[in-house]
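When a ligand or atom number is given, it counts from 1 through the structure's own listing order.
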Amino acid sequence: MKAVVWQGVNRLAVEEVDDPRLLDDQDAVLRVLATATCGSDLHLVDGYIPTMREGDILGHEFLGEVVETGPAVERLSVGDRVVVCSIIACGRCWHCRQGRFSLCDDSNPNPALGETLWGQACAGIFGYSHLTGGFAGSHADYVRVPFADHGCFPVPDGLADDAAVYCSDAVPTGWMGADNADIEPGDVVAVWGAGGVGQMAARAAQLMGAERVVVIDRFPERFAMVEDVIGAETLDYTAVDVHEALLEITAGRGPDRCIEAVGMEAHDTGLEHAYDRAKQALRLHTERAAPLRQAIRACRKGGTVSVLGVYGGLVDKFPLGAAMNKGLTLRLGQQHGQRYIPMLLERMAAGEIPTAHLTTHPLPLDQAPQGYDLFKHKRDGCVRAVFHP
Ligand SMILES: NC(=O)c1ccc[n+]([C@@H]2O[C@H](COP(=O)([O-])OP(=O)(O)OC[C@H]3O[C@@H](n4cnc5c(N)ncnc54)[C@H](O)[C@@H]3O)[C@@H](O)[C@H]2O)c1
Ligand SMILES: [Zn+2]
Ligand SMILES: [Zn+2]
């Protein structure tokens, strides 16, 4: 089969590789129908998440058709069209039983790496380095899905592939960001990042009763989506002082809930950004975290900062004093998609969560390297490239 493989920092290729096969009774093999680029993939392509190896297959946001199931798979049949959670979870361990699927103890076969870096390992993730299990990703003709009964969700007929695919990752991630933020009716919510994840977090915040949702970014095409499709407000961080603007909107109090949906490769203007870039290039720290710092400083006293952006290691100039003295609640994590996906598919089918607009660049799998180039540089209004094997 064909697959998109990592060949080193900023080098991707479409190669012929072996077809996946069932390795465990609980596995399924899927024919991939659609697989999207996610901001998380950029952190791999750009070399900021360690433990990638040449030949690793990328991709974790996908939907497919079941072509083979292991003998212990009970809820799926060959021919089912399913969306698959980007996070792999066993569904039975202590963490899974509490709905914290991205903390699964049994789905990551390489826990030693995570234990060394972080104290404990996180769950397995498709196509996301050897730290998260070294699983082959979904940018391929076929993919093996471990714990298939717990990760695959049948897609309602009315939802097209290129809209449903986001229920794998961007939609549940955005929902979790808003859920973790403890949004109450009437809240003002600020969201950093107008990518697929930030837009879905903004929509979730609205559905949870936020009175005003303000999304911060710099790309006009993304702002047009936020305003016209999501119906939220926008702030351009290259044109205004974000902190001042957020205080002005909230009569000096600061947003009640702040959601960070940018991650470790944040862009910014000014000296602090130059400092972050230089330290990251020298590997003196691993994260460029301007939006995280901004969120903690702007958030109202006693508010919540919910972090969706991916971080891998150590961040410098973390405003711990602000977080402590303002009594903030910080929530973070990889998404617990298995907990939300059935409810979200229903909402998507009912038209409550628009996603089709995120697919700005549908492409054949062969053109994945070009798709990544567009996505990485946000060229031609690219929000997500979606590959069709
Ligand atoms: N927690 C999870 O489970 C999970 C799941 C999916 C994605 N993610 C992470 O979410 C983040 C966003 O993903 P995406 O797919 O939307 O990515 P994306 O690259 O499409 O969007 C990121 C956006 O952030 C904006 N940005 C950069 N610097 C900024 C700044 N200083 N202020 C405001 N906006 C800024 C960019 O302009 C861009 O529009 C990534 O870090 C990704 O790894 C996390
Ligand atoms: Zn992702
Ligand atoms: Zn588990």
Quiz item: Can you tell me if CG on Leu314 sees more than 12 non-hydrogen neighbours from other groups inside 6.0 Å?
Solution: no

Quiz item: If you measure from each non-hydrogen atom of Gln294 to ligand 1, which part falls under 4.0 Å: side chain, backbone, both or neither?
Solution: neither

Quiz prompt | N, O or S from Asp169 under 2.8 Å to the Zn ion (ligand 2) | solution = yes

Quiz item: Going by the atom numbers of ligand 1, which of them fall below 4.0 Å from some non-hydrogen atom of Phe219?
Solution: 37 (O)

Quiz item: Taking all atoms of both residues into account, what is the closest heavy-atom pair of Gly59 and Asp41, and its distance?
Solution: N-OD1, 4.0 Å

Quiz prompt | His60 and Tyr128 aromatic centres sub-6.0 Å | solution = yes

Self-check item: Contact atoms of ligand 1, heavy-atom distance to Gly333 under 4.0 Å
Solution: 1 (N), 2 (C)

Exercise. Just need the protein heavy atom nearest to atom 44 (C) of ligand 1, so name the residue and atom and give the distance.
Key: Leu308 O, 2.9 Å

Self-check item: Nearest option to atom 42 (C) of ligand 1, as decided by whichever heavy atom of Ser40, Ala170, Gly263, Ala289 sits closest
Solution: Ser40

Quiz item: Hey, does Lys378 sit under 4.0 Å from ligand 1 if you only count heavy atoms?
Solution: yes

Practice problem: Identify which of Gly198, Gly39, Ser306 has a heavy atom lying nearest to atom 14 (P) of ligand 1. | Solution: Gly39

Quiz item: Under 4.0 Å from any heavy atom of Pro291, which atoms of ligand 1 are there?
Solution: 30 (C), 31 (N), 32 (N)

Quiz item: Stepwise, does the salt bridge (Lys or Arg N to Asp or Glu O under 4.0 Å) test hold for Asp46 with Lys376?
Solution: CA-CA 9 Å; Asp46 294 343; Lys376 175 177 154 126; 2.7 Å; yes

Quiz item: Of the options Leu308, Val197, Thr173, which is the one that meets Gln335 in a side-chain contact (heavy atoms from CB on, under 4.5 Å)?
Solution: Thr173

Quiz item: Side chains of Gln294 and Glu260: is there a donor and an acceptor less than 3.5 Å apart?
Solution: no

Quiz prompt | Nearest neighbour of atom 31 (N) of ligand 1 from the list Arg218, His267, Glu221, on a heavy-atom basis | solution = His267

Exercise. Return the residue, atom name and 0.1 Å-rounded distance of the protein heavy atom closest to atom 3 (O) of ligand 1.
Key: Gln335 N, 2.7 Å

Quiz item: His267 and Tyr237: aromatic ring centres closer than 6.0 Å?
Solution: yes

Quiz item: Which atoms from ligand 1 have a heavy atom of Phe375 less than 4.0 Å away?
Solution: 20 (O)

Quiz item: Do the two ring centres, one from His43 and one from Tyr48, sit under 6.0 Å apart?
Solution: no

Exercise. State, to the nearest 10 degrees, the angle whose vertex is the Zn ion (ligand 3) and whose arms point to SG of Cys90 and SG of Cys93.
Key: 110°

Exercise. Please say whether more than 12 non-hydrogen atoms of neighbouring residues, nucleotides or ligands are located less than 6.0 Å from CD in Gln98.
Key: yes

Quiz item: Can you tell me the N, O or S atom of His60 that's nearest the Zn ion (ligand 2)?
Solution: NE2

Self-check item: Identified side-chain contact (heavy atoms from CB on, under 4.5 Å) partner of Cys382 from the options Arg222, Glu221, His361
Solution: His361

Self-check item: 4.0 Å heavy-atom contact, Glu265 with ligand 1
Solution: no

Practice problem: Ignoring hydrogens, just give me the one of Tyr128, Tyr48, Tyr237, Tyr166 whose non-hydrogen atom is nearest atom 32 (N) of ligand 1. | Solution: Tyr237

Practice problem: Specify side chain, backbone, both or neither for Val197, according to which of its non-hydrogen atoms lie closer than 4.0 Å to ligand 1. | Solution: both

